[in-house]
Amino acid sequence: MALVTTKEMFAKAYDGGYAIGAFNVNNMEIIQGICEAAGELRSPVILQVSKGARSYANHTYLVKLVEAAVAENPDIPIALHLDHGDTFELCKSCIDGGFTSVMIDASSKPFEENIALTRQVVEYAHAHGAVVEAELGTLAGIEDEVVVEAGQESYTKPEEVEEFVERTGCDSLAIAIGTSHGAYKFTPEQCTVNENGILVPPPLRFDVLEECTKRLPGFPIVLHGSSSVPQEFVKMVNAYGGNMPGAIGVPEEELRHAAELSVCKINIDSDIRLAMTGNIRKYLAEHPDHFDPRQYLKPARQAVKDMVAHKIEYVLGSANKI
């Protein structure tokens, strides 16, 4: 099976009440771990590349690694997606270079400018067999070159979504309902403490999601900034020399509920990075005489695979959906 677009993936996910995992990749081990999990669980998957990852690893290397993953997993649908493209030129370059899906993120621009830039990308993408994700509303946090200060984020306005989708022709829409980028999504001060002494972040704005769904029936919605930041890996990182105080993510049960509604794509990146980094730190601390990257990257790759398998089964609900 060649690389596919997300069109059919999203149609099936919407009807089936599950979401497709979109996992940020930037090296071989991450791609291997993700695709091994997806292959074993028979789940469609989106491998996405940010502008920063493309700069770090080189476009050609990343595309060839993804092509290798497709060859090794011929039975699962795999899409290659640009995450947070910020210019027409970047989106065009990715489409020309083999990406089947691109995101144009003009959410920081005024409404009319967002529409104009998104429409430009859509016209080029559709003419070349690719699909486009757009965004309305802005998420707080940091992801590569996307930086929005706390207090500057804004929820998506449901009354704008119909006009935006109609005028741009985009294929999916990322909305802001309270998620945020990075591992530090919520501060302890924003959270409440439950009966088990666990910090619980403020709930997502499902009212915004439900209103957008009413206005865009059957249309695929996307959630960015949806890592759950598992505390066992935060503790692992800190136990082996890290310093990540107050890293709190989105509860998995809220993401599962979103996947049961109109959310067809959930972006997950920090969880993979935490699992990988925690295991590398642990391995090197326990084996100070080891220096071969194959030694410490092997358990890191397994940690990625285990994390993705958990998300597929218990958060996304996409196992056995091909």
Quiz item: Any donor-acceptor pair under 3.5 Å linking the side chain of Ser50 with the backbone of Ala53?
Solution: yes

Practice problem: Only one of Asn238, Asn279, Thr277 passes side chain to side chain contact (heavy atoms under 4.5 Å, CB included) with Phe233; say which it is. | Solution: Asn279

Self-check item: Validation row: Ile175, Val222 side chains within 4.5 angstrom (heavy atoms)
Solution: no

Quiz prompt | ILVMFWY cluster, Val237 and Met307 together (side-chain gap under 4.5 Å) | solution = yes

Practice problem: State, to 0.1 Å, how close Gly178 and Tyr155 come at their nearest heavy-atom pair, and which atoms those are. | Solution: N-CE2, 3.5 Å

Practice problem: Looking only at non-hydrogen atoms, find the nearest pair between Gly85 and Cys91 and report the distance. | Solution: CA-SG, 4.4 Å

Quiz item: If you measure only the distance, is there a donor-acceptor pair under 3.5 Å linking the side chains of His128 and Glu123?
Solution: no

Self-check item: Residue that, paired with Arg215, satisfies salt bridge (charged side-chain N to carboxylate O under 4.0 Å, His left out) out of Glu163, Glu162, Glu210, Glu159
Solution: Glu162

Practice problem: Report the C-alpha distance between Arg205 and Thr156 in whole Å, list the side-chain angles of each, state the deciding distance to 0.1 Å, and finish with yes or no for side-chain hydrogen bond (donor to acceptor under 3.5 Å, both in side chains). | Solution: CA-CA 10 Å; Arg205 289 287 304 275; Thr156 299; over 6 Å; no

Self-check item: Evaluation steps, side-chain contact (heavy atoms from CB on, under 4.5 Å), between Asn267 and Ser226
Solution: CA-CA 6 Å; Asn267 288 20; Ser226 300; 5.5 Å; no

Self-check item: Ile312 with Val45, same ILVMFWY side-chain cluster at under 4.5 Å
Solution: yes

Self-check item: Side-chain heavy atoms of Gln302 within contact of Lys298, under 4.5 Å
Solution: no

Quiz prompt | Leu173 reachable from Val131 in the ILVMFWY side-chain graph, under 4.5 Å edges | solution = no

Quiz prompt | Within-4.5 Å side-chain heavy-atom neighbours: Thr6 and Ile20 | solution = no

Quiz item: More than 12 non-hydrogen atoms from neighbouring residues, nucleotides or ligands closer than 6.0 Å to OH on Tyr314, yes or no?
Solution: no

Quiz item: Quick check: are there more than 12 heavy atoms from other residues, nucleotides or ligands sitting under 6.0 Å from CD of Glu260?
Solution: yes

Quiz item: Which value, rounded to the nearest 0.5 Å, describes the distance between Glu252 atom CD and Ile268 atom CD1?
Solution: 8.0 Å

Practice problem: Please report the closest heavy-atom contact between Phe164 and Cys170, naming both atoms and the distance. | Solution: CE2-SG, 4.3 Å

Exercise. Compute whether any side-chain donor of one residue and acceptor of the other, for Glu135 and His224, lie under 3.5 angstrom apart.
Key: no

Quiz prompt | Heavy-atom neighbours of Glu8 CD exceed 12 at 6.0 Å | solution = no

Quiz item: Does the distance from a Lys or Arg side-chain N to an Asp or Glu carboxylate O, for Glu112 and Arg167, drop under 4.0 Å?
Solution: yes

Quiz item: Which residue pairs pass the ring-ring contact (aromatic ring centres under 6.0 Å, His included) test when at least one of the two sits in residues 244-293, sequence neighbours left out?
Solution: Phe206-His257, Tyr283-His287, Tyr283-His290, His287-His290

Self-check item: Residue pair Gln32 / Lys305, side-chain heavy-atom distance below 4.5 Å
Solution: no

Quiz item: Is the backbone N or O of Leu209 less than 3.5 Å from a side-chain atom of Thr213, with the two atoms forming a donor-acceptor pair by type?
Solution: yes

Practice problem: Please report the closest heavy-atom contact between Ile34 and Phe23, naming both atoms and the distance. | Solution: CD1-CB, 3.4 Å

Quiz prompt | Side-chain touch Ile46/Phe10, heavy atoms, less than 4.5 angstrom | solution = yes

Self-check item: Option from Val70, Val66, Asn73 for which side chain to side chain contact (heavy atoms under 4.5 Å, CB included) with Cys35 holds
Solution: Asn73

Quiz item: Under the 3.5 angstrom rule, does the side chain of Ser107 hit a backbone N or O of Leu136 as a donor-acceptor pair?
Solution: no

Practice problem: Test Arg281 against Met236 for side-chain contact (heavy atoms from CB on, under 4.5 Å), laying out the working first. | Solution: CA-CA 8 Å; Arg281 284 184 174 275; Met236 182 185 289; over 6 Å; no

Practice problem: Check Val4 against Pro77 and note the closest heavy-atom contact, atom names and distance. | Solution: CG2-CB, 4.0 Å

Practice problem: Decide side-chain contact (heavy atoms from CB on, under 4.5 Å) for Glu133 and His81; before the verdict, give the C-alpha distance in whole Å, the side-chain angles of both, and the deciding distance to 0.1 Å. | Solution: CA-CA 9 Å; Glu133 173 188 326; His81 175 72; 3.3 Å; yes

Quiz item: Counting distance only, does the side-chain N/O of Tyr14 pair as donor-acceptor with the main-chain N or O of Gly218 below 3.5 Å?
Solution: yes

Exercise. For Thr5 and Lys7, indicate whether the former's side chain and the latter's backbone hold a donor-acceptor pair under 3.5 Å.
Key: yes

Quiz prompt | Nearest-0.5 Å distance that lies between atom NZ in Lys321 and atom CD1 in Ile76 | solution = 16.0 Å

Quiz item: Roughly how far, to the nearest 0.5 Å, is the CD1 atom of Ile272 from the CG atom of Asp306?
Solution: 11.5 Å

Exercise. Could you note down all residue pairs passing ring-ring contact (aromatic ring centres under 6.0 Å, His included) where residues 24-75 supplies at least one of them, sequence neighbours left out?
Key: His59-Phe99

Exercise. Verify the distance criterion only: is there a donor paired with an acceptor across the side chains of Thr118 and Thr168 at less than 3.5 Å?
Key: no

Practice problem: Go through the side-chain N and O atoms of Lys265 and Gln48 and say whether any donor and acceptor fall under 3.5 Å apart. | Solution: yes

Quiz item: Atom CG of Leu204 and atom CG of Leu223: how far apart are they, to the nearest 0.5 Å?
Solution: 7.5 Å

Exercise. Nearest 0.5 Å please: distance from the CG atom of Leu47 over to the OG atom of Ser101.
Key: 11.5 Å

Self-check item: Side-chain donor-acceptor pair present, Asn24, Asp83, cut-off under 3.5 Å
Solution: yes

Self-check item: Met103 reachable from Val49 in the ILVMFWY side-chain graph, under 4.5 Å edges
Solution: no

Quiz prompt | Any donor-acceptor N/O pair, Asp271 side chain to Ser228 backbone, under 3.5 Å | solution = yes

Quiz item: Can you tell me if Gln231 uses its side chain to pair, donor with acceptor, with the backbone of Val229 under 3.5 Å?
Solution: yes

Self-check item: Separation of Glu67 CD from Ile31 CD1 (nearest 0.5 Å)
Solution: 11.0 Å

Quiz prompt | Check: His126/Asp171 side-chain N/O donor and acceptor closer than 3.5 Å | solution = yes

Quiz item: Are any non-hydrogen side-chain atoms of Leu41 and Glu313 less than 4.5 angstrom apart?
Solution: yes

Quiz item: Given the rule in the side-chain contact (heavy atoms from CB on, under 4.5 Å) test, do Arg54 and Leu90 qualify, once you have shown the distances and angles that lead to the verdict?
Solution: CA-CA 10 Å; Arg54 191 168 178 260; Leu90 175 58; 3.3 Å; yes

Quiz item: Are Val132 and Ile115 connected in the hydrophobic side-chain network, where two residues link if heavy atoms are under 4.5 Å apart?
Solution: yes

Quiz item: At their closest point, which heavy atom of Ile104 faces which heavy atom of Asp86, and how far apart are they?
Solution: CD1-C, 3.9 Å

Practice problem: Would you indicate whether the side-chain heavy atoms of Cys264 and Ile221 approach each other to under 4.5 Å? | Solution: no

